[in-house]
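Everything below concerns the one structure shown next.
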Amino acid sequence: MTGNSVPAEMLVPRFMGGGDIGFASKQVPEPGRGQLLIGVEANALCGSERGQFFEGSSVTPGHEAAGVVVDAGPETSTAVNTRGVIYLMDFCGECRSCALGFTNQCTNKRGDVGFNRDGGYGPYVLVHENVFFPTGDDVPLAEATMLLDVMGTTGHAIRRGLMLREDVRSLGIAGAGPVGLGALAMARILLGPEIPVVISDLSPYRLDLAGRLGGETIDLREKTLLEGLREHGLEEVDLAVDTSGKGAARQSHLEALSQRGVLVCAGHGEGLSLDVSRDLIAPERAVLGSEYFRYDELHPNLRILREHLLYLRQIITHRFVVRDIQEAFGIFLRGETGKVLVVP
Ligand SMILES: [Zn+2]
Ligand SMILES: [Zn+2]
C-alpha cells in the first residue's frame, strides 16, 4: 500500500551526545492499523531538546513537526495528501482525562513523539491517526509548526490563567525565548492589544523581537522586574506566565501579582517558595502548572493562526535544511534567535 514515491530507506539525523549530530540510514516504517505515515515538511527546534543534543538520543528527536500524509494504514479515515501537524503526546483517547478532553493529562499515553518515538527531524514519521491534526491547504506548513509549542503551549497557559481571573488588565511574561514570544503573541491576540504585556529577559536580541511583537520589554541585566514595571506605569500584574523555568523569575512575578492574581508556570526547571498566608491566602492568589495543551485547542488556534499569520510568523527567525541541523542547533542554543525551523 505504500505510495510509489515513498522510499524504503531514509537518512535521519542521529543525536550522538556531546552536541554532535550525525546521520544514519533507517527503514521507512509502514503504517499499521490506525496509523499514518507523514512526510515531514518542517520541524521546529525546541529548548526542551537541549538534553537530547548534549546527552544523545536513541530515537530521532523532533516534536514540532508539520507535514503531509503519504501513506495510511487500515482503519484510518485521513486521506493521503492531507496536510497537518503532529501533536506530541500519543494519548489513548479512553482514560478518565482523555474522556474529558484533557489529552495532555492522559493517564495511559502510548508515547511522546520525538522523545521516546521517532520524531520529525527524519523525512518520515509514523504516528497514530489521533495525534495528526489537519490544517487545511491555506496555511503554509512551516508556519503551521507554530500551532504546537509556540501557540499551543502558551495559549493553554493563558487560558488556564483566565479560568481563574476574568478581569485581566495587565500581564507579565518571564522569558522571551520562543515560548515566551509565543505567550506574548497569544496574550495580545486573546486579550486584545489594549492590555499591556510586559516581558522580561536578559537577551537583547530576544527583547528586541518581543518589542516588535508589541511587548513592553524589561532588560533584567539593567533593572529588576519591579523597576521595569514602574517604568511602564505598572505597580503589579494580574496574570503572569513563567516560560523561563528560573526560580528568581517565578519568585519576582509572584511578588508582582495583584490581589486575585494568577501565576502560571509553563517552563520546567527550578522551584518557587511560598509564604502561604502572605502570598496565597490573604490576597487569594493562585499558582498553576501548565503542561503542553489539549488536542482540541488546535481548532481555535488554527483559526487564530489563519487570521494573524503575518503577525505570528515574525516569531520564526531562521530556517535551515535538515543536513545543516548541527548549525541550526548551534545558533539556536546561543539564544540569538526566535523560533528556528529545519526543512527537507
Ligand atoms: Zn517543544
Ligand atoms: Zn488517555
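Counting starts at 1 for both ligands and their atoms, in listed order.
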Exercise. Y292 vs Y87 aromatic rings, parallel, tilted or perpendicular, using cut-offs 30° and 60°?
Worked result: tilted
Exercise. Taking atom types as modelled, is there a side-chain donor on K26 or T60 under 3.5 Å from an acceptor on the other?
Worked result: yes
Seminar exercise, completed: Restricting E64 to its N/O/S atoms, the closest one to the Zn ion (ligand 1) is OE2
Problem set entry | Closest approach to the Zn ion (ligand 1) by H63, given as the N, O or S atom name | NE2
Problem set entry | N/O/S from D149 sitting under 2.8 Å away from the Zn ion (ligand 1) | yes
Problem set entry | Distance below 2.8 Å from the Zn ion (ligand 2): protein N/O/S atoms | C92 SG, C95 SG, C98 SG, C106 SG
Exercise. Which pairs pass ring-ring contact (aromatic ring centres under 6.0 Å, His included) with one or both residues in residues 156-214, sequence neighbours excluded?
Worked result: none
Exercise. Hey, is R212 close enough to D208 for a salt bridge, meaning N to O under 4.0 Å?
Worked result: yes
Problem set entry | Carboxylate-amine/guanidinium proximity below 4.0 Å for R206 and D201 | no
Problem set entry | Pair E143 + R83, salt bridge at N-O below 4.0 Å | no
Seminar exercise, completed: In H63, E49, R14, the residue satisfying side chain to side chain contact (heavy atoms under 4.5 Å, CB included) with Y121 is E49
